[in-house]
Amino acid sequence: EVQLVESGGGLVQPGGSLRLSCAISGYIKSGLCMGWFRQAPGKEREGVAFTDPSIGSRYYVSSVKGRFTVSRDGSTLYLEMKSLKPEDTAMYYCALEGPWRCGGTNDQRVRDYDYWGQGTQVTVSS
């Protein structure tokens with residue numbers, strides 16, 4: 001059974017940085033997309049950053065490109081966030097076993113992912 005445990009969220013001032021971690025246990029299939037979604041209060045869950053580590057591809061939504069970096073090291077998935085803005089405030093979720101090779105797109109859908117973490121809160125405020 002695959003289990004995901006996120007950590008690293010917190011309160012940070014605008015312009016600050018955070019690194020989210022997602023510890024992965026269990027067997028996961030190679031070649032499938034993995035990454036991060038977020039959900040702000042009153043809004044739908046949206047994709048943020050994704051990767052297929054088997055080929056090193058990475059995809060970002062335009063609002064975070066150049067500020068966020070997704071990576072995997074062994075059994076941990078990371079999301080490095082810099083130059084944080086108040087609009088980045090949300091619950092962040094890691095997700096695994098999405099489409100093959102991420103479908104070559106940053107437009108990832110919640111329903112395409114099989115495994116989810118419990119979420120970690122990121123609040124950007126002065």
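In this text the structure is predicted, and so the values were computed from the model without any measurement. Counting from 1, the numbers follow the sequence of the chain as shown.
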| request: Measure from the side-chain N and O atoms of W36 to the backbone N and O of Y78, and report whether any donor-acceptor pair falls under 3.5 Å. | output: yes
| query | Under a 4.5 Å cut-off applied to non-hydrogen side-chain atoms, are P14 and P86 in contact? | reply | yes
| message | Taking V70's backbone N and O only, do any of them form a donor-acceptor pair with Y60's side chain (distance below 3.5 Å, no angle check)? | response | yes
| message | So does Q118 get a backbone contact from the side chain of E6, meaning a donor-acceptor N/O pair under 3.5 Å? | response | yes
| So do the side chains of S17 and V12 get within less than 4.5 Å of each other, counting heavy atoms only? | no
| field | Shared hydrophobic cluster, M91 / V122 (ILVMFWY, side-chain heavy atoms < 4.5 Å) | value | no
| message | Quick check on the hydrophobic clustering: are V110 and V64 connected, directly or via other members, by side-chain heavy-atom contacts under 4.5 Å? | response | no
| query | Is a side-chain donor or acceptor of T51 paired with a backbone partner of S57 at a separation under 3.5 angstrom? | reply | yes
| task | Could you list who else is in W100's hydrophobic cluster, with ILVMFWY side chains joined at under 4.5 Å, directly or through other members? | result | L32
| said: Count I, L, V, M, F, W, Y as connected when their side-chain heavy atoms are under 4.5 Å apart, and connections chain through other members. Are Y93 and L96 then in the same cluster? | reply: no
| What distance do Y115 atom OH and I24 atom CD1 have between them, rounded to the nearest 0.5 Å? | 12.0 Å
| Donor-acceptor pair between R58 and S71 side chains, under 3.5 angstrom | no
| request: Look up atom CG in L20 and atom OG in S7, then write down how far apart they are to the nearest 0.5 Å. | output: 8.0 Å
| task | State plainly whether one hydrophobic cluster holds both M81 and V124, where clusters connect Ile, Leu, Val, Met, Phe, Trp and Tyr through side-chain heavy atoms under 4.5 angstrom apart. | result | yes
| task | Sequence neighbours left out, what pairs pass salt bridge (Lys or Arg N to Asp or Glu O under 4.0 Å) with at least one residue falling in residues 79-88? | result | R38-D88, R67-D88
| Parallel, tilted or perpendicular for F50 and F37, by the 30°/60° rule? | perpendicular
| query | What is the distance from atom CG of L18 to atom CG of L84, rounded to the nearest 0.5 Å? | reply | 5.5 Å
| Rounded distance [0.5 Å steps], CD in E97 versus CG in D112 | 12.5 Å
| said: Using only atom types and a distance under 3.5 Å, with no angle test, would you say the side chain of Q121 pairs donor to acceptor with the backbone of G9? | reply: no
| field | Separation of C102 SG from D52 CG (nearest 0.5 Å) | value | 5.5 Å
| field | For the student: nearest non-hydrogen atoms of G104 and Y59, plus distance | value | CA-OH, 3.3 Å
| message | Within this structure, what is the CZ-CH2 distance for the pair R45 and W116, rounded to the nearest 0.5 Å? | response | 5.0 Å
| query | Is there a chain of hydrophobic side chains (I, L, V, M, F, W, Y, each step under 4.5 Å between heavy atoms) that links M34 to V2? | reply | yes
